[in-house]
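Below is one structure, written out as structure tokens, with a few remarks after it.
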Amino acid sequence: MTNPERDPHEVALAPGDTACGVEVLAPREVPLGGPRAMTVRRTLPQRERSLIGAWCFVDHYGPDLVSETGGMKVAPHPHTGLQTVSWLFTGEIEHRDSAGHHAMVRPGEVNLMTAGRGISHSEVSTAGTSELHGAQLWVALPDGSRDVAPGFEHHTPDPVIGDGWEARVFLGSLLGDTSPVSTHTPLLGAELLLAAGTTLELDVDSSFEHGVLLDRGVAGVAGQEGKPGELVYVAPGRDSFTLEAHEDVRALLLGGPPFGESIVMWWNFVGRTHEEVVGFREEWQAQVDGVADSQDVRPGRYGVVVGDHLPPIPAPALPNARLRERR
Ligand code: MN
């Protein structure tokens, strides 16, 4: 997915309730663009919180009826310095990228695309999809890994099932299951389903900070109530916390040790300095202009999406101010 915001950090948002290292982060609605655009609920980044571990971007969308929103039709666009993690609850999305990967994103299956030094990709909901519901997540790559070659991994976790709950661990380890998907910093990503009235104690790594994105149902997270659409942040220093389902709950649990590096994030790029991101933008725009002029396209950093004929998305204009470093 592409980020239509010029600078996501310029949007002021109240950080929400704070108590005992637990904060409720409210979403803001962001239209993805286009005449019948899908709208997403964005909970990361926020003015007061840029990252949870290496997780740097959390977009939650749907359930949307494709007949009303037109579904997802995101033409080729670039990424640098990050990994995209796609998780669906309902629907199907076709992924194509410039490293030659072609994959279907389906409920219960994680798709992780590594941009590394640069990739371009497209995401289009399939013709058979009538409802779209899911999350698009980004992971910032640490300095030592951000120039790696682009890549793509897919995994279908077996559910871990307990009394009144079910978990699918798509990154890292939780509840006795470990995902085989490789990451460049320690990370946790899992879908949790809890029946109303269930309390689940989660044993976690105390060096991790966590975020619980509530998709469905009101829940207590480490004693703080969260509502659907909210992301409940839990600070490091706990080796366990509880989830209490006040209703039937579906949630995503994200975690990792505090990232510890400053990043500059703008449009679809994660870099380290203003100048670097300006350069990423120029390289993409030169490629887009080459396509528009039907010149010999030199794909350079981002390559050309294999098997997609949608025109690439031009880069938005840079803001007048310098891009801010975030950590
Ligand atoms: Mn994307």
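Numbers here simply count residues along the sequence, with the first being 1. What you see is a predicted model, and the numbers here were worked out from it, not measured in a lab.
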T69 (side chain) donor-acceptor with G71 (main chain) under 3.5 angstrom: yes
Ring geometry between W267 and F269 (parallel below 30°, tilted from 30 to 60°, perpendicular above 60°): perpendicular
Verdict with supporting geometry, S240 and E201, side chain to side chain donor-acceptor pair (under 3.5 Å): CA-CA 7 Å; S240 72; E201 177 142 6; 2.9 Å; yes
Residues forming a ring-ring contact (aromatic ring centres under 6.0 Å, His included) with H95, sequence neighbours excluded: H121, F152
Test: R146 and E261 ion pair at under 4.0 Å: no
Results of salt bridge (charged side-chain N to carboxylate O under 4.0 Å, His left out) for K227 - residues two or more places apart only: E230
Any donor-acceptor pair under 3.5 Å from R106 side chain to L88 backbone: no
Joint cluster assignment, F280 & L318, ILVMFWY side-chain distance < 4.5 Å: yes
In one Ile/Leu/Val/Met/Phe/Trp/Tyr side-chain cluster, 4.5 Å: V305, Y302: no
Co-membership, hydrophobic cluster, residues L175 and L194, 4.5 Å side-chain: yes
Single hit among L132, V74, T126, N111 for side chain to side chain contact (heavy atoms under 4.5 Å, CB included) with I93: L132
Steps toward side-chain contact (heavy atoms from CB on, under 4.5 Å) verdict (V221, L243): CA-CA 5 Å; V221 179; L243 274 186; 3.6 Å; yes
K73 and E94 ion-paired at < 4.0 Å: no
Salt-bridge criterion met for R117 and D147 (N-O under 4.0 Å): no
Verify same cluster id: V204, V212 (apolar side-chain graph, 4.5 Å): yes
Hydrophobic cluster membership, L141 vs V270, 4.5 Å side-chain cutoff: no
